[in-house]
Amino acid sequence: SEAVAPRDRADALQALASHHGRARALAETLTEAQLRRQYHPELSPVGWHLGHCALMEHHWVEERVGEAAPDSALHALYFPELSPKDERATRLPARDALMAWTTGVHERTLSRFADPPGWLNAHPLMADDYLLHFLEQHFAQHHETLLYCLTAITASEPASAPGPDGDGTPYSAPTGPDAIHLAPGRYRVGADHVRAYDNERPSHTVQLEGAWLARRPVTNAQWLAFMAAGGYGDDTCWSNEGAAWRERNRVTYPWNWHPLEGGRFISSGPLGYEPLQPDAPVSGISHYEAEAFARWAGARLPHEFEWEAADRQGLLTDTGRVWEWCSNPLAPYPGFRPFPYDGYSMPWFDGEHPVLRGGCRFTHPGIKRSSFRNFFQRHVRHQQAGLRLAWDTPPSEVKTP
Ligand code: AVJ
Ligand code: FE
C-alpha cells in the first residue's frame, strides 16, 4: 500500500503499521516448526526476527524513553549481541506466546506514536519524530531479512518445477548504452536528514578520479557465460582468500540457483522456485565471486562513492533489483557519531564488511536512497547481492554471452 518513502509522522506510522501487519501475515503462512527453525547458518528463525523487532520497540519506547524496568530475559534472547545465533531456535517461546507478546507491543507503539504522551514527545530522540523513523526503517530492514528466510525455506526443499515468478511479470532488461562516464571531480555523498542512519552522516564532499560504470548490473546470462568459460575454476580471477573460500565450500554457482537435469538452473524465491530470467541481474553471490567476475570481465567493482555520485546524477539504470557489492569496506565518515546506539554501525568498521549499494526486489522503498549503505561479510550470499562493473579507462567492449 505504501509506494513512497515515508516523509512525515503520518507516513512513517502507516509504514510501521504495515510492517507489523505484513510480518504477522507472513508468520501465519508458516507452520510452528518453520517459524522456529534456523534454515541457514547466517540467518535466524523467522520467529526470532518478529521478537527482535518487537523488543526494539519495547526497549526504545518503553525502557529507554519511558520508565519500564529493563527486562533482562527479553534482552538476552532478542538483542543480537547477547543472543548466540545457533541458540535462538531452541530458546524461542511457543508461537502463541510470541505472537501475543509481539502484537501487544506493536499495539502500544502505534497508539503512543499516534498521540504521543508528554514524556515521549519531550524526549530528544523524538526531535523530528526521529525514533519513529528509526523503528520503522529498522522493521523494514528485518522484513527484507524475513524474505531472505523464506527464500532459504524454499531452498531447503527439493528443486522442482518453478512456481510463480516473484514479481508476477517476466523481467525485461532496459536498453541503452552499456557504460556511463563519471567525470573526475568533487562530489557530495552521505545524508543528514531525519531518516539517515548514523553511518550515512555527516554528508561531505569527496574527490573522485573519474570512472566508467556499467549502466546496469551483471545479468544471469552473463553469469552463465562466466560459468561456461570456467570462471569458477580460473584462479587468475580469484583472490587467494576467495579461492580458498570457494574450495572449502565447493561453490560453483550462485546461492539461490538450483541445478535441474540437463545443466539448466532455476532459482529459489520467497514463494517457491522461479524461472531463471536471463536478462535479470544475477543475485546470490558473495563478494569473492563478484570480484572474480569483475576481473574475468577486465573490470573492477565500483567504490561506493562512485556508485553514489553516479546514482545522484541519475546515470545508473536498474538500481532496484539486487544489492550491488562495492570495492571498499564500511568505514566511518569524517565526524561520525554512533547514534542512536553504538551497535548499529560501530562494530562493523572492521574492514571485513564490504559496502553494498542500491537495494534488492525485497527492499522497502523507505530504504532505497542514493546514500544508503548496506554491509555484509565477504562470504555472505543470502542477501540478494549482485554486481555492477567499473573501469578506469573506457571499456572497449562489455563482455556478453
Ligand atoms: C546492515 C543489513 C547487515 O540485518 O543485521 C538490523 C541491519 N542492524 N538491525 C542486519 C540491522 C540492526 C543489518 N545489516
Ligand atoms: Fe535489528
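The first residue in the sequence is number 1, and the count goes up from there. Just so you know, ligand 1 is whichever comes first in the structure, and atom 1 is the first atom listed for that ligand. Heavy atoms only: backbone and side chains are in, while hydrogens, waters and symmetry mates are out. Note that the structure is predicted; figures quoted are calculated from it, not measured.
- In summary, the side chains of W323 and E144 do present a donor paired with an acceptor at a separation below 3.5 Å, with no hydrogens or angles considered.
- The main-chain N or O of A310 is never found under 3.5 Å from a side-chain atom of Q313 such that the two would form a donor-acceptor pair.
- For the pair E200 and R373, the salt-bridge criterion is not met [side-chain N within less than 4.0 Å of a carboxylate O].
- Within the structure, the closest approach of H142 to ligand 1 falls below 4.0 Å when heavy atoms are considered.
- Between R357 and E304, at least one side-chain N (NZ, or NE/NH1/NH2) sits under 4.0 Å from a carboxylate O, which counts as a salt bridge.
- There is no protein heavy atom less than 4.0 angstrom from atom 5 (O) of ligand 1.
- Here the protein heavy atom with the shortest distance to atom 3 (C) of ligand 1 is F375 O, 3.3 Å.
- Closest heavy-atom approach to atom 12 (C) of ligand 1 among the candidates W323, Y344, F139: Y344.
- Remark: minimum distance from atom 2 (C) of ligand 1 to any protein heavy atom is reached at N374 OD1, 3.2 Å.
- Looking only at atom types and distance, the side chain of S283 has a donor-acceptor partner in the side chain of N256 under 3.5 Å away.
- Side-chain contact check for M56 versus H142: every heavy-atom pair is 4.5 Å or farther apart.
- Residue-ligand proximity, F376 to ligand 1, at heavy-atom distances under 4.0 Å covers atoms 2 (C), 3 (C).
- Using a cut-off of 4.0 Å between Lys/Arg side-chain N and Asp/Glu carboxylate O, D235 and R246 are scored as salt-bridged.
- Atoms of the protein (N, O or S only) found under 2.8 Å from the Fe ion (ligand 2) are H52 NE2, H138 NE2, H142 NE2.
- Between H138 and ligand 1, a contact under 3.5 Å exists for at least one N or O pair.
- For the residues H353, Q377, Q383, Q141, the heavy atom positioned nearest atom 7 (C) of ligand 1 is part of Q141.
- With 3.5 Å as the limit, one finds no donor-acceptor pair spanning the side chains of S286 and R381.
- Salt bridge status for R9 with E136: absent, with no side-chain N to carboxylate O gap under 4.0 Å.
- Between R300 and D392 there is a salt bridge, since at least one side-chain N of the basic residue sits less than 4.0 Å from a carboxylate O of the acidic one.
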